[in-house]
Q: 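First the structure, which I've put down as structure tokens, then a few questions once you've had a look.
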Amino acid sequence: MAAASGASAAGLGGLLGELAAKADADAIAQQAEQLKSLEQRLTRLSAQNQSLQKTMGDLQARLADAEASRYANPLVYAMAALVLLLLAVVAALLWRQRGLQKESDWLKAAAAESDAPRAATPEVRSVVRPSARRSVRRAGDGGRPGGCGRGGRGRGAGGHPA
């Protein structure tokens, strides 16, 4: 029995050894498969990374070109200056036209006043009697006929007829 039990123990140990070896082989095969899968993923990610790096380099180059040519073109500045100049000219012309319009309105009003009939304005008559005018005149020239008393020939101080 002891021999049988030793043989069975040896057979059992061998069986366990085989099972352990088989389990190790399966684990190793599974690990190898996982390693192969990881290597494939790493290769794909590396290719994607290179593609993205290339695309990013291209985009950076395009951005640098766009920024460099954005304001470097003198034609843009010349056109902007021309637009500002034209706006100033238009503003000056509008200001001048408005001034001319005001002057034209004033002239039209003055022309309308001069064209108005004279009968519309009342005639002012003197309320001073003619005899009173003579007395005022004589009082102003010192009471002498003909003017200021110098020469008495009808001429005023300046030599013009009174």
Q: Other members of the hydrophobic cluster containing V83, with the 4.5 Å side-chain heavy-atom rule, please.
A: L87
Q: Under the side-chain hydrogen bond (donor to acceptor under 3.5 Å, both in side chains) definition, can you give me all pairs with a residue in residues 90-101, not counting sequence neighbours?
A: Q101-D105
Q: Mind listing the side-chain donor-acceptor pairs of residues 34-56 below 3.5 Å, one per line with the distance, residues two or more places apart or on another chain?
A:
residue	atom	partner	partner atom	Å
T43	OG1	E39	O	2.8
T55	OG1	S51	O	2.9

Q: Can you list, by chain and residue number, the hydrophobic cluster partners of L82 when the side-chain cut-off is 4.5 Å?
A: L86
Q: Residues sharing L94's hydrophobic cluster, by side-chain heavy-atom contacts under 4.5 Å among ILVMFWY, directly or via others?
A: V90
Q: Considering only Ile, Leu, Val, Met, Phe, Trp and Tyr, and joining two whenever side-chain heavy atoms are under 4.5 Å apart, list the other residues clustered with L63.
A: none
